[in-house]
Amino acid sequence: IVIDSLVTYRNIKLKVRNINDYAFYENDSIQSAVIKNNGYIGAYAFQGCDSVENVTLGNSVDSVFSYAFSNCTKLKEITIPNNVPYLGSHCFYTCTSLNKAIIGTGVKSLNISTFFYCNSLAEVVMGENVAHIYSTVFNGCSSLASITIPQATKDIGNSVFSGCTNLREVIIADRND
């Protein structure tokens with residue numbers, strides 16, 4: 001599925017500004033989602049889309065709300081563009097095939113359980129501006145072996161790495177203050 005800023009419906013061009021809550025909830029026929037030039041992705045928008053393997057977020061996506069891609073069990077990789085400042089809680093909750101997450105520089109905080117029980121998650125590239133890592137963000141990410149916490153990070157919540165049974169190294173970037 002490709003979601004562009006304009007769609008044609010019955011020969012009428014319509015502007016797509018946002019993807020609202022539950023828009024594609026538990027739709028098993030979607031294998032790939034390319035989201036271009038849109039505002040926010042609402043809560044539960046793609047939750048439970050079991051066939052989704054690939055998601056591409058365009059540079060105009062400005063927020064990804066809670067549970068937006070939770071339980072997309074075949075999703076393998078996600079890149080959050082640099083312009084996205086907000087990721088809601090549980091965004092990728094139980095995406096059990098997710099093995100790589102690249103978090104852009106616009107993201108200021110990782111909310112509660114963002115990657116909870118993404119047990120295949122082995123690589124996380126965290127944007128340099130993540131200041132807050134809230135509770136249980138990486139809880140149950142048993143494939144995660146190493147992670148670097150950016151210099152901008154001010155606080156790390158409870159149980160962030162609980163259940164990360166292969167985690168061997170947490171690198172905290174040097175702070176100048």
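With a 4.5 Å cut-off between side-chain heavy atoms of Ile, Leu, Val, Met, Phe, Trp and Tyr, the cluster of Tyr40 takes in Phe65, Tyr86.
The OG atom of Ser143 sits 6.0 Å away from atom CG of Asn119, with the distance rounded to the nearest 0.5 Å. In this structure, Ile78 CD1 and Asn54 CG are separated by 9.5 Å, a value rounded to the nearest 0.5 Å. One finds the CZ atom of Phe115 at 12.0 Å from the SG atom of Cys164 (value rounded to the nearest 0.5 Å). Of the inter-residue distances, the one linking Ile172 atom CD1 with Ile149 atom CD1 reads 6.5 Å to the nearest 0.5 angstrom. How far OG of Ser146 is from CD1 of Ile171: 4.5 Å, rounded to the nearest 0.5 Å.
Residue-environment remark: CD (Glu26) exceeds the threshold of 12 foreign heavy atoms within 6.0 Å.
Scanning for ring-ring contact (aromatic ring centres under 6.0 Å, His included) contacts around Tyr22 gives Tyr25, Tyr44, with sequence neighbours left out. By the ring-ring contact (aromatic ring centres under 6.0 Å, His included) test, Tyr117 pairs with no residue at all, sequence neighbours left out. Partners of Ile102 according to the side-chain contact (heavy atoms from CB on, under 4.5 Å) rule, which considers only residues two or more places apart in sequence or in another chain, are Thr79, Lys100, Val125. Applying the side-chain contact (heavy atoms from CB on, under 4.5 Å) test to Ala23 and every residue at least two apart in sequence or in another chain returns Ile19. With sequence neighbours excluded, no residue forms a side chain to side chain donor-acceptor pair (under 3.5 Å) with Ser63. A search for side-chain contact (heavy atoms from CB on, under 4.5 Å) contacts involving Ser89 returns Ser66, Asn111, Ile112, not counting sequence neighbours. Shown here are the side chain to side chain donor-acceptor pair (under 3.5 Å) partners of Asn27, two or more places apart in sequence or in another chain: Ser29. Judged as a side-chain contact (heavy atoms from CB on, under 4.5 Å), and not counting sequence neighbours, the contacts of Glu53 are Lys74, Lys76.
Across every non-hydrogen atom of Ser142 and Asn166, the tightest pair is O-ND2, 2.7 Å.
Without hydrogens or angle criteria, Asn82 side chain to Gly106 main chain gives no donor-acceptor distance under 3.5 Å.
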Show every donor-acceptor pair shorter than 3.5 Å between a side-chain atom in residues 127-139 and any protein atom, with sequence neighbours excluded, or say none if there are none.
unit_1	atom_1	unit_2	atom_2	d
Asn129	ND2	Thr105	O	2.7
His132	ND1	Asp155	OD1	3.3
His132	ND1	Asp155	OD2	2.8
Thr136	OG1	Ser113	OG	2.6

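Cluster membership check: Ile103 shares its hydrophobic cluster with Leu75, using side-chain heavy-atom separations under 4.5 Å among Ile, Leu, Val, Met, Phe, Trp and Tyr.
Side-chain contact between Val55 and Phe92: absent, with no pair of heavy atoms (C-beta onward) separated by less than 4.5 Å. Leu57 has its side chain within reach of Ile41: a pair of non-hydrogen atoms, C-beta onward, lies under 4.5 Å apart. Put simply, the side chain of Val52 does not reach to within 4.5 Å of the side chain of Phe69, judged on heavy atoms. When side chains are defined from C-beta on, Met126 does not count as touching Thr148, because their heavy atoms never get closer than 4.5 Å.
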